[in-house]
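Hydrogens, waters and symmetry mates are skipped; everything else that's a heavy atom, side chains included, is used. Below, read A as the first sequence line, B as the second, and so on, with proteins coming before strands; counting in each chain starts at 1.
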Amino acid sequence: MKIKKINIVIPTLNNRVQVNDLTHVLNTNLGEVGIDHKIIFFDKGSTDGTVEYLQSISHEIPIKVERLVPGKKLNKLIADYLTVNDTDYVMIIDPDYKPAAAVCNELLSYVNGQDVLSPIFTNDGVARHQNPPVTIIKSRVLTHLLEVGDHKEQIFQLSLISYARHLGYEVSQYVVKEAASSKKNLWLSTWRLKTKLAFAGFSPYRLSPVYKNTMKWAGVHYHKTRFITHTTIRSQHSAITTFSKSQKLILFSMGGGLLASIVLNWRLTLLVLFSSIVILYFLDLLFNVFIIFRSLFTNPEIVITDEDVNSLKEEKLPLITVLCPLYKEESILPQFIEAMSSFDYPKDKLQVLLLLEENDKGTIDVASKIASPFIKTLLVPNSLPKTKPKALNWGLSHARGEYLVIYDAEDVPEKDQLKKAVIAFDRTGKDVFCLQAKLNFYNSHQNLLTRLFTAEYSLWFDLILTGLYSIDAPIPLGGTSNFFRTKDILKVEGWDAFNVCEDCDLGLRLYKRGHKTALFNSTTFEEANSNLNSWIKQRSHWIKGYIQGFFVHIRSPKGFMRSIRKPHFFTFLLVVGGKTLSVFINPFLWIITISYFLFRPFIGHLIESFYPAPIFYLGLFTLMIGNLIYLYNYMLGAAHRGQWNLVKLGYIVPFYWLLMSFAAWKALYQLLVKPYYWEKTTHGLHLKQIKAV
Amino acid sequence: MKGLNSFLDKYLVKIITLGALGLFAGMFIFYFSQNDTLLYGDARSRLLIARRVFDSLTPGLTQLGSVWPPLPQMLTLPTIWNNFFFYSGLSGSLISILSVTLATYFLARMVLEISKSKFVATITVLAFVLNPSLLYMATTSMPESLFISLMVISTYLIWRWSKTGNVVYLPLAGIAISATTLTRYDGWFLVAFSALVIPTIVLLKRKPFSEIEGTFFLFSTIAFSGVVAWLIYNQLIYGNMLRFATGEGSALTQAVGGNSVKLIKGNIVNSFLIYLSASALNVGIVSLAVTLLASVFAIIRRNYNFLLAILLLSTPFWFNIISLFLGQSELATGQFVTRGLSLYNVRYGLLMLPLIALGFGTLACVLNRFRLVVLVALLFQLIILFSSIPITLREAINFNTSSQGTEQQKLATWIQNHPSSGLTLISALSNDSLVFDARIPMNKVVNEGSGKYWQAAIKNPIGIAERIIISPGERDSIWKISQEKKNFFNNYTLVFSGVDFRVYDLEKNNELKATETVKKLSAETSCSYTIQVGDSLWRIAKNKLGKGSYFTKIIELNKDTYFDLPIIHPGQKIVIPCS
C-alpha cells in the first residue's frame with residue numbers, strides 16, 4: 001500500500017538549528033516519492049526564533065505552526081487538527097534526534113497497511129526504555145489513542161505505542177541502522193505508564209463509517225479487537241458490554257447486600273426473597289391472563305382480507321428487498337429459493353439478497369449455482385463479530401427496496417405475505433416502523449418436542465404479541481418476517497451486531513425511540529427444532545439474547561415511559577425481565593414444592609417459615625391455580641390456531657418448562673464466558689426425516 | 001319514535017338490568033320489613049357457617065365444613081364479620097340480589113342476541129324477574145339465586161362459543177360452571193352434562209375428531225377444576241375425598257327418615273311427578289306448557305340457538321328427578337309429608353325458572369306474528385302466581401309455623417331470657433338455626449366443628465357444657481350419643497322440655513367444675529404460646545420441649561384449632577405441652 005497523503009507532526013522547543021535540516025530533507029524526500037504532505041509544528045514556547053524561522057519559510061514549504069498556549073495540551077491540539085485535516089497516516093518526529101530524517105525515510109518504506117510503525121535500534125541495549133524518535137501511525141488509530149490516553153510529553157511516542165499495543169492494534173517495529181542518540185533512561189516513566197495501562201479499563205471506541213451517509217464499515221474497537229458491525233449504534237445501546245460499569249457496580253452491591261443480609265439474618269432475607277418472588281409471579285400471572293383474554297376478545301392484529309390482496313394493482317407495487325442471512329445452510333437453501341420464487345409478487349419488484357459469509361464455501365457453492373434474476377448473493381466481508389445482525393446490517397446498506405423484510409433460510413412464508421405487508425403499511429400510521437408476521441411451524445408433527453414448540457409459538461405470536469400490541473406495549477420481535485420501510489430501519493441504525501437476539505433488541509429500541517410494531521394476519525412457517533440438543537442450544541441462545549436485551553435497555557429506561565397511562569417500563573420488566581428470570585427460578589420452586597408435599601413432616605415447617613401467611617396463600621394460589629393457568633394458556637394458544645390435537649399436550653408443558661430452565665442456566669454460563677458466541681441452529685432436520693421415510 | 005328505537009337498541013339490556021336491580025332491591029326492603037328474609041333455617045345455617053370462620057371456639061377456614069359446597073358462604077365472608085350484616089342476613093341477601101341481577105343481564109343479552117328482537121328479550125326477562133318465588137328467594141341468604149345466576153351465565157357463554165367459535169368462551173364457561181359445582185351439587189350434573197354437550201356440538205358441526213377432543217380438553221380442564229379442588233380439600237382436611245357425600249350431615253345420611261322417600265325413591269314416575277309439581281308450584285302450569293310447546297317448536301323449526309340454551313337450562317329438571325329417584329334428596333309438595341312438613345324443598349322447582357323464561361322467549365320468537373298471545377299467556381300466569389303467597393315463602397313459613405318451628409321460636413325466646421354463662425352443646429347438623437335465633441354467642445357453642453371441645457364433650461359433657469340442647473331424632477348427633485350412653489345427662493337438669501327440643505342445664509354445684517375443665521382443656525396440660533417473628537414449629541419444639549422433632553406433638557395439640565398447621569403466623573396463639 002502506498003501512502004498518498006501524510007501529516008507530519010513535530011513538537012518543538014528551541015530547535016531552531018534542527019528544524020532547518022529536518023524540514024528541508026523531509027520536504028525533498030517526500031516530494032521525490034510523490035507523497036502529498038504537510039508538516040505541522042507544535043511549538044511549546046521556543047525563545048530562539050524557531051517559530052519565526054518556520055514562518056519565514058512557510059511560503060516555500062507546506063508548513064503550519066501551532067503555538068501551544070498554556071493549559072492546552074499537545075494531545076488535544078493534535079486531535080483537533082486531525083479531525084479537520086484527514087489523512088491516512090501521521091508521522092510524529094522528535095527534532096532533538098539528529099538522524100531523524102534518515103530514519104523517517106527508512107521507516108516510510110516499510111509502510112504497508114500497519115496500524116503503527118516504529119524503529120528499533122540494534123546497537124543500543126536500553127532502547128526498550130527509550131522514547132522512539134519517529135513513529136508512523138494511522139490517523140484513525142491516532143485519534144483513538146489520543147482520545148483514550150493522557151500521553152506525557154517526555155515519553156509521548158512511547159506512550160502512544162504502548163497504548164496502541166494495549167488496545168490490540170498492530171504495532172510493527174523495524175530495525176534501523178542509525179544509532180540511538182539519547183541514552184537517557186526513562187524506566188521510571190515507562191514503569192508508571194505500564195502500571196497505568198495494566199489497570200486501565202477501556203470503553204468501546206467507536207469507529208465511524210468510512211463513507212458519509214451510510215453505515216458501511218462502521219464499527220467499534222474494544223478489548224484489543226476491532227469489530228466491524230456496519231452500524232452506528234452507540235456502545236451504551238449495544239450488547240458489546242453485557243453489563244455497563246454502573247450495572248456491574250449495582251449487581252455487585254446487590255449481591256454483596258444479599259450476602260450480608262443472609263449472614264445477618266438469613267431467615268428474614270429468605271422470607272423477603274421468597275415473598276418478592278411470589279409477588280412477581282402473581283403479577284406476571286395477572287398480566288398474562290389480561291393480555292391473552294384481551295387478545296382473544298378483540299383480535300387486535302391488522303387483518304388483510306383476500307379481497308384486499310386481490311384488489312391490489314400490480315404495477316403500483318413498491319420494490320421490496322428480502323434479506324436472508326445464511327450460514328452453513330446449503331441443505332435448506334433450495335427450499336428457500338422455492339419459497340421466494342412462489343411469492344405472489346412481481347419478480348421485477350423483488351430484490352432477494354442471500355447474505356453469505358466469506359468462509360462458508362458450501363453455501364456459496366450452492367448459492368452461486370442459482371440462476372435467478374431477482375435472487376442475488378451478497379458476500380458479507382469477513383470481520384468480527386460473525387453474527388446474523390452484522391450480516392443484516394451489511395445487507396441493509398445494499399438494499400434498494402422501499403420496503404425490507406428479513407427471512408431465515410428455513411422460512412416458508414405464505415404466498416401473499418408481501419402484498420399483505422404492503423397493504424398493512426398503507427393502513428397504519430407512519431409511526432408503525434415494523435410489521436411482524438406471525439411465526440409457526442411446518443413440521444409440528446415431527447415429534448413431541450416440535451408439538452410442544454408449536455403450541456408455544458401459537459401462544460406467543462398469536463396471543464401474547466398481539467395482546468402486547470393492543471396495549472401499545474414494547475414488542476420483542478421474532479427473528480424473521482419483520483417488515484420495515486428501508487428508510488425507517490436506517491433511521492434506527494439497523495441491528496445491534498453484538499446482541500444474539502437482535503430481533504428482541506430491535507423491537508425494544510423501536511419502541512423506545514417512539515415507534516410502533518404491529519402484527520398482521522399472515523404466517524411464516526419455520527422449522528421447529530426436532531432435536532433435543534439442538535433445541536436446548538437454540539433456547540439458550542434466545543435466553544442469552546433476552547438477558548442481553550434486558551441489561552442493554554434497562555440502562556436507559558426512560559423511553560419506555562411514553563406517558564403516565566402507558567407505563568410500559570413495567571411491561572418491559574415483566575415481559576423481558578420477569579419472563580426470563582422466572583425460567584431461572586422455576587426449577588427451584590418446583591423442587592421446593594415437590595419436596596414440601598413429599599416430605600411435609602420433615603421440612604414442611606421450615607419451608608412455611610419462609611412465607612408470611614398472606615404470601616403463603618398467594619403462593620399456594622399461584623402455584624396451584626397459576627400453574628394451571630400457565631399451562632392452560634398453551635392449550636388456548638393451540639386451540640386458537642386450530643391445532644386441536646395439541647391441546648391435550650398442555651398437561652405435559654411443565655416438562656417443557658424444565659427444558660427451558662436447563663437451557664436458561666446454560667445460557668447464563670455462556671453469557672458470562674463467551675457473550676457473543678452464536679449458537680448455530682441446524683436446519684433441515686425435517687428434510688432428513690422425509691428422506692428416511 | 002326512531003330515536004327511541006335506536007336508544008333502546010343501544011341501552012335495552014342495561015335498562016332492563018338496572019330495572020331488575022331496582023326491583024330486587026325493593027323486594028328486599030319489603031320482605032326485610034316483614035322479617036321474612038331469614039325464615040329458612042338453611043339461610044340462617046349458611047350465615048352461621050360463614051360467620052364461624054371468624055367467630056367461634058375454633059375459628060378458621062375449616063369451619064366452611066364439607067356438607068354444603070362452599071362458594072355461597074365464601075362470598076359472604078367480606079361482610080359477615082360485621083354484626084349488622086350477619087344478624088340482618090344482608091351478607092347473604094346482597095349476594096342473592098346481585099346474582100339474580102346478573103342472571104337478568106345475561107338472559108336478556110342471550111335472548112336479544114339470538115332473536116334480535118327487543119320484544120322477545122323483554123318478555124323473557126319479564127317472565128324471569130316477575131316470578132314471585134324468585135322475588136322472594138332473591139332476598140334471602142339461600143344459594144338458589146347464585147346457582148340460577150351461574151347456570152344462566154354458563155349457558156350464555158357456551159351458547160356464545162357455539163355461535164362465534166371463539167375459543168375464549170370455553171374457559172370462561174368453564175369458570176362459571178366450576179363455580180356452579182361449588183354452589184350446589186346440581187352443578188356437578190351440569191358440568192358433566194356440558195362436557196358431553198360441547199363435544200357433541202363440534203361433532204354436529206362435522207369437525208374432525210381432533211377438534212372434538214381438543215375442545216373437550218379446553219373446556220373440561222377449567223370446568224372440572226372446582227370439582228377436583230373440592231375433592232382435594234375434602235381429602236386434605238378430612239382424609240376422605242367423598243366426605244361431603246357420605247360423611248356426617250351429607251344429604252345421603254340426612255335423607256333417610258322421611259316417609260315420602262319410600263314413595264319416591266326407586267320410582268321414576270313418582271320422582272318425575274313430584275318434581276313437576278314442585279316446578280308448577282314455583283312457575284305455574286301455564287309456563288310449563290309454554291315451555292314444552294316452545295321446545296317442540298324449536299325442534300321443528302330447527303332453531304339450534306334456542307335449543308342449545310333450552311337443553312343446558314333444563315339440567316336442573318333431569319338432575320332433580322334422578323336425585324329423587326336415587327333417594328339422594330327429599331321433596332314434599334303437599335301430597336306427601338316429609339318430616340312432618342307438607343312443603344319441603346319445594347324451592348328446588350324454582351331452578352326451572354330460567355328455562356321457563358326462555359320458553360316464553362322462544363315461543364314469542366317462533367310464533368312471531370302471534371307473539372302477543374305469548375304475552376297474554378305470561379300475564380295470565382303472573383296474575384295466577386301473584387294471587388297467592390309465593391310458594392318459596394310459603395315453604396319457609398310452613399316450617400316456622402309447624403309445631404317444630406313454633407317450638408323453636410318459643411325456645412329461642414326462652415334462651416334469650418335464660419342465657420347460659422358457660423358453653424352450650426348443640427348439634428350444628430340439626431339445630432344450627434336455633435343458635436342464630438337465640439343469639440347464642442358463637443364462641444360459646446360446642447358443636448361437631450369444635451374439634452377437641454366436641455370430642456371431650458361427647459365423652460363426658462360435665463366438664464365442658466353448662467347447657468345441652470337436643471332435638472330427639474336421628475339427625476341430632478348428640479341425641480344419638482345420649483341414647484347410647486345412658487348416664488349422659490346425669491348431673492344435668494331438664495329445664496326446657498318440648499316435643500322437638502329439650503334443654504338440659506348443668507346442676508349448680510357442677511358449674512364450677514365445668515369452668516375449670518374448660519380452662520384446663522383450653523390449656524390441657526398445655527401452655528399458651530404466641531408465635532414470634534422468625535419462629536418455626538421446629539424451633540419452638542426445640543426450645544420448649546428440648547427436641548425439634550417433638551413439633552409433631554404441637555401439631556397434634558393444635559390441629560383442630562388451626563387446619564393449616566404447620567403454617568404459623570406471628571401473633572398467632574397456639575398451645576404447646578407444658579414442659
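A:Leu636 CG to B:Leu170 CG: the interatomic distance, rounded to the nearest 0.5 Å, is 8.5 Å. Here the CG atom belonging to B:Leu218 is positioned 13.0 Å from the NZ atom belonging to A:Lys648, to the nearest 0.5 angstrom. Summarising the geometry, atom OG belonging to B:Ser225 is positioned 6.5 Å from atom CD1 belonging to A:Ile625; distances are rounded to the nearest 0.5 Å.
Using a 4.5 Å heavy-atom cutoff, the side chains of B:Val167 and A:Trp644 are in contact. Two residues are said to be in side-chain contact when any heavy atoms from C-beta on lie closer than 4.5 Å; A:Leu296 and B:Tyr169 fail this criterion. No side-chain heavy atom of A:Val647 sits under 4.5 Å from any side-chain heavy atom of B:Phe216.
If you measure heavy-atom distances from A:Leu628 to chain B, the contacts under 4.5 Å come from the side chain alone. With a 4.5 Å cut-off on non-hydrogen atoms, A:Leu268 does not touch chain B at all. When heavy atoms are compared at a cutoff of 4.5 Å, B:Ile212 does not approach chain A at all. Of the two parts of B:Glu213, only the side chain, counted from C-beta on, holds a non-hydrogen atom closer than 4.5 Å to a non-hydrogen atom of chain A. Looking at B:Thr164, there are no atoms closer than 4.5 Å to chain A (heavy atoms on both sides), in backbone or side chain. For chain A, no part of B:Pro208 is nearby; none of its heavy atoms comes within less than 4.5 Å.
Heavy-atom neighbours of B:Trp81 CH2 from other residues, nucleotides or ligands within 6.0 Å: at or below the threshold of 12. Enclosure of atom CZ in A:Phe655 is not indicated, since only 12 or fewer non-hydrogen atoms of other residues, nucleotides or ligands lie within 6.0 angstrom. Environment of NZ in B:Lys14: sparse, with no more than 12 heavy atoms of neighbouring residues, nucleotides or ligands closer than 6.0 Å. Heavy-atom neighbours of A:Tyr651 OH from other residues, nucleotides or ligands within 6.0 Å: above the threshold of 12.
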Exercise. Determine, step by step, whether A:Tyr632 and B:Phe217 satisfy the ring pair (Phe, Tyr, Trp, His ring centres under 6.0 Å) criterion, reporting the C-alpha distance in whole Å, the side-chain angles of both residues, the deciding distance to 0.1 Å, and the verdict.
Key: CA-CA 10 Å; A:Tyr632 191 75; B:Phe217 279 113; over 10 Å; no
